[in-house]
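Note that ligands are numbered from 1 as they come in the structure, with each ligand's atoms numbered from 1 the same way.
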Amino acid sequence: MDTASLTSKQRCESVVPAADFTIDQAWDSYGDAEHDRWDRLFQRQKQVTGGRACSSALTAMAELELSPTGIPHMGRLSDRLEKITGWRVVPVAGLVPDEIFFDHLANRRFPAGAFIRPEAEFDYLQEPDIFHDIFGHVPLLANPVFADFMEAYGKGGQRAMQLGQLHNLARLYWYTVEFGLIREEGGLRIYGAGILSSPQETVFALEDDSPNRIAFDLQRIMRTKYIIDDFQQTYFVIDSFDALLDACYKEFGNVYQEVKDADDIEAHETTPQDGLMHRGTLDYFRTKAGL
Ligand code: HBI
Ligand code: FE
């Protein structure tokens with residue numbers, strides 16, 4: 001098949017992955033339109049994350065030479081990242097099975113989608129593409145403490161699967177790695193990749209009165225449900241990456257035991273024990289639901 005005329009999404013869907021679900025990025029086969037789309041996504045997001053992304057992400061962008069000069073070559077990007085924290089970025093066709101995902105993280109390999117979203121999904125897509133994974137996740141992997149957290153998460157994931165409590169750990173990933181906020185000198189900032197790669201949620205997460213903003217609490221997060229197809233109704237705030245790592249550097253087995261029989265908490269709910277930094281009005285969600 002003439003792969004030159006395929007979009008990167010079609011190519012990813014047609015290749016047979018290796019046993020660890022990695023594929024060849026085939027960097028030479030991206031079309032000009034796809035490189036241009038990366039540049040437009042990058043320029044828009046770079047502009048909106050200024051003053052809103054955490055300082056670590058902003059400095060890493062420069063260190064890793066992430067720029068609007070076309071889709072990055074993951075091997076060359078990994079050579080730069082590896083020098084800083086030992087992490088590499090490995091191309092995959094899309095979501096990989098949990099145990100494969102955890103094994104990669106436990107070995108300092110971040111699986112990144114090798115396809116870029118089609119123009120029709122420019123503003124929102126369900127599945128992580130190369131822009132979400134590289135613009136959203138990779139800069140934080142250059143932060144040594146967060147890099148340690150991500151490796152520990154991978155190892156914790158393997159254990160959670162053995163205990164059958166993966167859903168508790170997936171919530172930790174969701175409310176930190178994907179949608180986490182951090183307190184900095186100048187105020188709240190973003191480190192979650194799902195926010196960093198979304199122009200609308202970058203503003204909403206920090207500035208809208210609708211969502212709750214609650215101080216990070218490991219057990220509380222593991223009990224909290226989340227929504228996947230809209231802005232978050234609650235964001236959790238860490239004081240620092242050291243605080244996140246310290247909170248998670250404990251025997252997860254005990255934590256799983258503690259949350260095992262506890263009731264789930266709905267995504268929009270607050271509880272009396274919460275370190276409530278902002279009680280959301282939930283207006284955005286009520287309007288959306290036509291309430
Ligand atoms: N696969 N490529 C990819 N990227 C992810 O972020 C990802 C995944 N598989 C599973 C997964 N995330 C989540 O279930 C994690 O919470 C484990
Ligand atoms: Fe992600």
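Taking only nitrogen or oxygen atoms, main chain and side chain alike, Asp98 reaches within less than 3.5 Å of ligand 1. When only interatomic distances are considered, the shortest N/O to N/O separation between Gly94 and ligand 1 falls below 3.5 Å.
For Phe135 and Phe42, the ring centers are positioned less than 6.0 Å apart.
In summary, Glu178 places an N/O/S atom under 2.8 Å from the Fe ion (ligand 2), meeting the contact criterion.
Put simply, part of Phe102 is less than 4.0 Å from ligand 1, judged by heavy atoms. The closest approach between Tyr153 and ligand 1 falls below 4.0 Å for a heavy atom of the residue.
If you check the side chains of Glu178 and Tyr191, you find no donor sitting under 3.5 Å from an acceptor. Judged purely by distance below 3.5 Å, without hydrogens or angles, the side chains of Arg189 and Ser55 never pair a donor atom with an acceptor atom.
Taking every non-hydrogen atom of Leu95 and a distance limit under 4.0 Å, the qualifying atoms of ligand 1 come out as 1 (N), 2 (N), 3 (C), 4 (N), 5 (C), 7 (C), 8 (C).
Distances from the Fe ion (ligand 2) to the N/O/S atoms of His132 are shortest for NE2.
Using a 4.0 Å cut-off between charged side-chain N and carboxylate O, Asp239 and Arg183 make a salt bridge. Using a cutoff of 4.0 Å between basic side-chain nitrogens and carboxylate oxygens, Asp20 and Arg109 are not scored as salt-bridged.
Screening Arg37, Lys9, Arg117 for a salt bridge (Lys or Arg N to Asp or Glu O under 4.0 Å) with Asp129, the sole residue that qualifies is Arg117.
Scanning all protein heavy atoms for the shortest distance to atom 9 (N) of ligand 1 gives Val96 O, 2.8 Å. At the shortest separation from atom 8 (C) of ligand 1 among protein heavy atoms lies Phe101 CD1, 3.5 Å.
Taking the six-membered ring for Trp and thresholds of 30 and 60 degrees, Phe110 and Phe101 have ring planes more than 60 degrees apart, a perpendicular arrangement.
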